[in-house]
Amino acid sequence: MSNVKNQHYVPQFYLKYFTNPQEKLCTFDKIENKMLPFTNVKNFACEKYFYDFPQESGTKERQQPMKKWLSEIETKASKFMNHIQNKIQGILSLKPSEKVDSLQVLTQDQKLDLAYWVAVQSLRTKDFRDFSNEFWQKTQPLIPNIVEEVEDELSRRLNQFEEDNSIKVDESLANEIKKDRLNQCMSTLSYLENDGMPITQAKFIFYHCKELAEILLNHIWLIGVNSTDKLFFTSDNPVVMAPHLESSGYSSEGIEVVFPINSKLILIMLEKKYFRHKLNLERTLVPLTREYVLDYNRLQVLQSSRFIFSQSDDFALVEEICNTNPDACSNNRERLQLKLNSPPK
């Protein structure tokens, strides 16, 4: 298999769900604060050799195991994403959107497949990579303090072990235990420096995507239906979150995880404890007001790395956000979380 040069961190099959009838994508560059001409999906949400591992010494062959694995995942994902959209479109063609809120449209198997896909998508982006780099940079000055705390904790545990068992641990053995534990700690802290970002991101996806999928599966799932005059945006970081309480992790109480499916459908995942009054809506279609559509589009603008995508060239909302909140549209943006008043009823 030949090497793939232009590698997408948001797949082309997904971006096509947001193209116009000519299969062109309209794009807004929030860093430059300008709309770009309609173009092919192959030109955005990608970088040269984005997932490639470092080349082995003495070989010209590029190492592309991650890209090959993602291609297999995308082939499967495109099939069930197409099936889900066709299924929902069939239902909506028979019933008005305001009368579909009691219909359960996803099977448990479809929910499993979609959860895994959303988990992979959330971890594969440039934004996730940039976040990891920022995390690495900010933790570097803290390493001496972390090492000191680890040493203190190990000493405390060894002392407790000696006291509980009425024995004295040999000093050389104690030092070896401390050394081994500190080496493990430093190995964890220096993962990025040792492996490089492509390998680090690949490891994180392989080790944690199933765990993240399980978290998402435990949420309440709704499919929002947009019958308004505004289309859903997507972006180069399409899986976004809105905290309704203080914490903003995928499993945090009050979290709302959102993933646009196409210009008229959106997947909404609600943490089960905080949104327990929505349990009766599990896997059903929910009509959305114009206000909710705009709210979800704001999330895409605020949490994108750079590019926002749409079927139309109506980016007035993006311009408004960039003008009133320029930090959200800069290269050095803080990662913002938009707190919504309430999820759709």
Side-chain angles (χ1 to χ4, degrees), residues 4 7-11 14 45-47 49-56 62-77 80 109 111-140 142-143 146-147 149-150 153 180-219 221 236-241 243 247-253 255 257-259 267 269 271-272 303 305 335 337:
V4 180
Q7 300 178 4
H8 284 75
Y9 42 84
V10 180
Y14 170 74
C46 56
E47 285 189 12
Y49 304 118
F50 184 73
Y51 294 110
D52 282 18
F53 291 177
Q55 288 178 253
E56 295 181 0
R62 303 191 71 91
Q63 303 298 307
Q64 298 190 320
M66 191 64 186
K67 177 55 186 172
K68 293 171 184 176
W69 179 77
L70 285 170
S71 295
E72 295 174 1
I73 298 293
E74 289 171 15
T75 299
K76 180 180 179 181
F80 69 70
D109 285 343
K111 185 176 178 180
L112 285 166
D113 288 338
L114 194 49
Y116 187 76
W117 167 247
V118 173
V120 171
Q121 179 56 60
S122 68
L123 300 175
R124 67 179 288 185
T125 61
K126 185 178 186 300
D127 192 76
F128 181 81
R129 185 173 291 191
D130 290 343
F131 173 80
S132 299
N133 273 318
E134 289 176 21
F135 177 80
W136 168 248
Q137 292 166 9
K138 290 177 181 178
T139 56
Q140 286 301 291
L142 303 177
I143 286 180
I146 294 172
V147 170
E149 289 183 10
V150 171
E153 177 65 14
D180 181 65
R181 187 65 187 91
L182 285 170
N183 285 339
Q184 292 180 32
C185 177
M186 290 304 298
S187 175
T188 301
L189 292 172
S190 61
Y191 66 95
L192 182 53
E193 183 178 29
N194 293 338
D195 290 341
M197 198 63 245
I199 293 179
T200 298
Q201 188 172 23
K203 284 182 176 180
F204 203 93
I205 292 172
F206 284 129
Y207 294 157
H208 297 289
C209 65
K210 288 185 178 180
E211 176 186 351
L212 177 53
E214 287 294 330
I215 291 171
L216 298 176
L217 280 169
N218 199 43
H219 292 340
W221 283 36
D236 53 12
N237 185 42
V239 183
V240 295
M241 293 187 285
S247 298
S248 57
Y250 283 102
S251 61
S252 298
E253 184 177 354
I255 201 67
V257 184
V258 183
F259 178 62
L267 174 61
M269 293 161 276
E271 183 274 322
K272 194 170 288 184
Q303 296 179 32
S305 286
R335 280 169 170 73
Q337 296 288 352

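Values in this document were obtained by computation on a predicted structure and should not be read as measured data.
- Scanning all heavy atoms of the two residues, the minimum distance from L267 to W221 falls at CD1-CE3, 3.6 Å.
- With Y9 as the aromatic partner, R129 does not meet the cation-pi criteria of under 6.0 angstrom to the ring centre and within 45 degrees of the ring axis.
- Q7 places a side-chain N or O within donor-acceptor distance of the main-chain N or O of Y51, the cut-off being under 3.5 Å.
- Contact detail for S252 and G249: the closest heavy-atom pair is OG-N, 2.8 Å.
- One finds the NZ atom of K210 at 15.0 Å from the CD1 atom of I215 (value rounded to the nearest 0.5 Å).
- What you find for D236 and S305 is that their closest heavy atoms are OD1-N, 2.8 Å.
- Side chain of Q303 to backbone of M241: a donor-acceptor contact under 3.5 angstrom is found.
- In this structure K111 satisfies the salt bridge (Lys or Arg N to Asp or Glu O under 4.0 Å) test together with E282, sequence neighbours excluded.
- Taking every heavy atom of both residues into account, V10 and P238 meet most closely at CG2-CD, 3.9 Å.
- Listed by chain and number, the residues in a side-chain hydrogen bond (donor to acceptor under 3.5 Å, both in side chains) with D113 amount to none (sequence neighbours excluded).
- When the salt bridge (Lys or Arg N to Asp or Glu O under 4.0 Å) test is applied to E253, the partners found at least two apart in sequence or on another chain are K273.
- Every residue two or more places apart in sequence or in another chain that forms a side-chain contact (heavy atoms from CB on, under 4.5 Å) with L212 is listed here: A119, S122, L123, L216, Y250.
- The side-chain hydrogen bond (donor to acceptor under 3.5 Å, both in side chains) test applied to E271 returns no partner, not counting sequence neighbours.
- Between H8 atom NE2 and Y14 atom OH the span is 13.5 Å, to the nearest 0.5 Å.
- Shown here for T125 and F128, the closest heavy-atom pair between the two residues is OG1-N, 3.2 Å.
- Annotation for C209 and V120: closest pair CB-CG2, 4.1 Å, computed over non-hydrogen atoms.
- The aromatic ring centroids of F206 and W69 lie less than 6.0 Å from each other.
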Report all side-chain donor-acceptor pairs from residues 70-77 shorter than 3.5 Å, counting only partners two or more places apart or in another chain.
{"residue": "S71", "atom": "OG", "partner": "K67", "partner atom": "O", "Å": "2.9"}
{"residue": "E74", "atom": "OE2", "partner": "R124", "partner atom": "NH1", "Å": "3.0"}
{"residue": "E74", "atom": "OE2", "partner": "R124", "partner atom": "NH2", "Å": "2.8"}
{"residue": "T75", "atom": "OG1", "partner": "S71", "partner atom": "O", "Å": "3.0"}

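- Taken from CE in M269 to CG in L114, the straight-line distance is 7.0 Å, to the nearest 0.5 Å.
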